[in-house]
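Note that the numbering runs from 1 along the sequence shown for the chain. Owing to the predicted nature of the structure, the values given are computational and were not obtained by experimental measurement.
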Amino acid sequence: MMKTKKLVFLETYGCQMNLADSEIVLSLLDKSGYSRTESIGSADVILVNTCAVRENAEQRVYGRLGDFSRYKKENPAVVVGVLGCMAERLRKELLESESFVDLVVGPDEYRKLPALIDAAIEGERGIAVKLSRIENYDDIVPLRTDGLIAWLSIMRGCDKFCTFCVVPFTRGRERSRTLVNIVREVEQLSRSGFKEVTLLGQNVNSYRDGENDFAFLLASAAAVDRSLRIRFMTSHPQDMSDALIRTIAENENICSYIHLPVQSGSDRILELMNRSYTADQYRSLVKKIKATIPGIALSTDIIAGFPTETEDDHRKTLELIREVEYDGAYTFKYSPRENTKAWQMTDDVPEETKLRRLNEIIDVQRSISLHTNRSLIGITMEVLVEGTSKKSESDFCGRTDTNKMVVFPKNGGAAGSYRQVKIDHVNSATLFGLQLHAAANG
Ligand code: SAH
Ligand code: SF4
Ligand code: F3S
């Protein structure tokens, strides 16, 4: 007898790897007779894929759990499950403190989800939070909702153990998928009409499958379809090999954009963070990258107010940001995380100092971004149209190869097409322009 499909509502927090995991979860559930719904009101199962990287990421999830708890009071038959990094970090504690939560499932246990949900429907609460040294979902084709831009996880976990970071504890040991399966997935994406693939991992450049390193994987992925853009993130400065830099330079369809988090400009702090490079080593790396890949765009992550950070350390960070001239920066106030090494250091930078330093970093970066973007006025750039601009029905938005957001009047073209856009004004976050109607435009 055909069973009607049960409906799952799934919300995702955190990084791109979590977004990619959610597509794996949906794929696993789809095979077991569950399909996705966008409306919570029609859902039999509510899942939230969570992030634990900073205190405020968890607070956001707790706020949302409050909504689900009220919802469950009115709809007691609904199953509520917490997935991802918070599930892994808090484990049993979550089941104990949140009595309406039926399921707690960590990132390496998603294969158990269908059975756990079935049991929860029968009234049995469940938990699965073992980390694995081998699970990489290599055989699972993610159920993607976007048809244009794909996230593709090439590895899981992290072995770097930066002292501030919870990821090695929530995601476990580093492990890479097989090169053949990744390349096969890129081929499928190309055949299904995708235009851009982002290879994902906490440190994509420490990817390894036998003899094959990330540079080889990247070149192999790029060779699949030269009209398919290949992006990748995140790159760790320590593993940025010369071969990798050359590969990016030599392949037109590998995007000229590297997310290369530095975290701090002070050697003393970098050492305390266990980042394994000095500020000068990072500077030389950037110099080499810029010399080898003309026009490369760089972005970074910065933490303000790591334990013992002085005004002098902070000044060094600002200096480094000015020197590198990043195209963008993701900036965070230090947030102590249980189990990490830094947890044992005193969180001694006062909140208002952290905030001031953060704002100074943001201000410096904003003026650099504005300056760099202004230098693009009058230049024609190729943009992959992603869709209608959020702010205006009559405009498209899309990205350049260097990952800059461009907004321009529709006037021909469609989502998924490449357009030539002449930039006429900018702000620090977005470029605005007009389409050129060259004959080559499709
Ligand atoms: N694997 C990537 C990033 C992982 S998390 C890398 O190595 O760079 C994304 C960013 O969150 C980090 O780069 C860091 O800047 C920030 N972050 C991680 N833990 C943090 C913490 N405890 N407090 C504040 N920011 C943190
Ligand atoms: Fe965290 Fe460091 Fe690993 Fe990045 S490299 S995920 S910051 S431990
Ligand atoms: Fe957050 Fe986990 Fe990603 S902690 S940043 S969702 S790996």
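Taking every heavy atom of both residues into account, Asn18 and Cys51 meet most closely at ND2-N, 4.2 Å. Shown here for Gln281 and Ser276, the closest heavy-atom pair between the two residues is OE1-O, 4.4 Å. For the pair Pro107 and Asp21, the tightest heavy-atom approach, listed with the atom from each and the gap, is CB-OD2, 4.4 Å. In this structure, Thr50 and Ala87 approach most closely via the heavy-atom pair OG1-N, 3.7 Å.
More than 12 heavy atoms of other residues, nucleotides or ligands lie within 6.0 Å of NZ in Lys290, so this atom counts as buried by the packing criterion. More than 12 heavy atoms of other residues, nucleotides or ligands lie within 6.0 Å of CZ in Phe169, so this atom counts as buried by the packing criterion. Sparse packing is recorded around CD of Glu211, with 12 or fewer heavy atoms of other residues, nucleotides or ligands lying under 6.0 Å away. Counting non-hydrogen atoms of other residues, nucleotides and ligands closer than 6.0 Å to NZ of Lys341 gives a total of 12 or fewer. Environment of CD in Glu124: sparse, with no more than 12 heavy atoms of neighbouring residues, nucleotides or ligands closer than 6.0 Å. Glu252 CD: 12 or fewer foreign heavy atoms inside a 6.0 Å radius. Within a 6.0 Å sphere centred on NZ of Lys287, other residues, nucleotides and ligands contribute 12 heavy atoms or fewer. Counting non-hydrogen atoms of other residues, nucleotides and ligands closer than 6.0 Å to CD of Glu323 gives a total above 12.
A side-chain donor-acceptor contact under 3.5 Å links Ser369 and Gln365. Under 3.5 Å, the side chains of Ser299 and Tyr257 contain a donor-acceptor pair of N or O atoms. Under 3.5 Å, the side chains of Thr163 and Thr340 contain no donor-acceptor pair of N or O atoms. Side-chain contact, Ser227 with Asp225: a donor N or O sits under 3.5 Å from an acceptor N or O. No hydrogens or angles considered: a donor-acceptor pair under 3.5 Å links the side chains of Arg226 and Asn251. Under the 3.5 Å distance criterion, with hydrogens and angles disregarded, no donor-acceptor pair is assigned to the side chains of Ser132 and Arg175. Using modelled atom types and a 3.5 Å distance limit, the side chains of Ser335 and Glu55 yield no donor-acceptor pair. For the 3.5 Å distance criterion, the side chains of Ser176 and Asp209 fail to qualify, holding no donor opposite an acceptor. Donor-acceptor pairing under 3.5 Å is lacking for the side chains of Asn403 and His259. With hydrogens and angles left out, the side-chain atoms of Asp313 and Ser266 include a donor and acceptor closer than 3.5 Å. In summary, the side chains of Asp395 and Ser389 do not present any donor paired with an acceptor at a separation below 3.5 Å, with no hydrogens or angles considered. There is no side-chain donor-acceptor pair under 3.5 Å between Thr400 and Glu382. Side-chain contact check for Thr12 and Ser22: at least one donor-acceptor pair (N or O, by modelled atom type) lies under 3.5 Å.
Side chain of Asn75 to main chain of Tyr71: a donor-acceptor pair is present (N/O by atom type, distance under 3.5 Å, no hydrogens or angles). No donor-acceptor distance shorter than 3.5 angstrom exists from the side chain of Arg171 to the backbone of Gln202, with no hydrogens or angles considered. One N or O on the side chain of Asp146 and one on the backbone of Ile149 form a donor-acceptor pair closer than 3.5 Å.
Because its NZ or CZ atom is not both nearer than 6.0 Å to the ring centre of Tyr13 and within 45° of the ring axis, Arg60 does not count as a cation-pi partner of that residue.
Of the residues Arg366, Arg399, Lys404, the one that meets the salt bridge (Lys or Arg N to Asp or Glu O under 4.0 Å) test with Asp327 is Lys404. The only member of Val183, Asn253, Val197 that meets side chain to side chain contact (heavy atoms under 4.5 Å, CB included) when paired with Val224 is Val183.
Of the charged side-chain nitrogens involved, none lies within less than 4.0 Å of a carboxylate oxygen, so that Asp108 and Arg133 do not count as a salt-bridged pair. Note on Glu325 versus Arg322: no salt bridge recorded, every NZ/NE/NH1/NH2 to OD/OE distance being 4.0 Å or above. Using a cut-off of 4.0 Å between Lys/Arg side-chain N and Asp/Glu carboxylate O, Asp139 and Arg111 are scored as salt-bridged. Using a 4.0 Å cut-off between charged side-chain N and carboxylate O, Arg156 and Glu135 make no salt bridge. The residues Asp30 and Lys5 are annotated as salt-bridged, a charged nitrogen and a carboxylate oxygen being separated by less than 4.0 angstrom. Using a cutoff of 4.0 Å between basic side-chain nitrogens and carboxylate oxygens, Asp102 and Arg125 are not scored as salt-bridged. The existence of a salt bridge linking Glu58 and Arg337 is confirmed by a sub-4.0 Å separation between a basic side-chain nitrogen and an acidic carboxylate oxygen.
Ring-plane geometry between Tyr282 and Tyr326 is classed as tilted, the angle between the planes lying from 30 to 60 degrees on a 0 to 90 degree scale.
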Practice prompt. List the steps, then state whether side chain to side chain contact (heavy atoms under 4.5 Å, CB included) holds for Ile230 with Leu218.
Written response: CA-CA 8 Å; Ile230 307 287; Leu218 199 54; 3.8 Å; yes
Fill in: Derivation of the side chain to side chain contact (heavy atoms under 4.5 Å, CB included) call for Leu260 and Ile289
CA-CA 11 Å; Leu260 194 68; Ile289 290 172; 3.9 Å; yes
Practice prompt. Start with the C-alpha gap between Asp118 and Tyr34, add the side-chain angles, then the distance that decides, and say whether side chain to side chain donor-acceptor pair (under 3.5 Å) holds.
Written response: CA-CA 11 Å; Asp118 287 345; Tyr34 293 89; 2.4 Å; yes
Worksheet entry | Worked check of side chain to side chain donor-acceptor pair (under 3.5 Å) between Ser206 and Glu174 | CA-CA 9 Å; Ser206 52; Glu174 186 176 292; 3.3 Å; yes
Discussion item. Between Ile303 and Met273, does the side chain to side chain contact (heavy atoms under 4.5 Å, CB included) criterion hold? Intermediate values first, please.
Written reply: CA-CA 10 Å; Ile303 296 178; Met273 287 177 162; 4.1 Å; yes
Item to complete: Take Ile245 and Lys288, measure what side chain to side chain contact (heavy atoms under 4.5 Å, CB included) needs, and give me the verdict at the end.
Response: CA-CA 9 Å; Ile245 299 171; Lys288 186 157 66 182; 4.0 Å; yes
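A ring-centre distance under 6.0 Å is found for Phe232 and Phe214.
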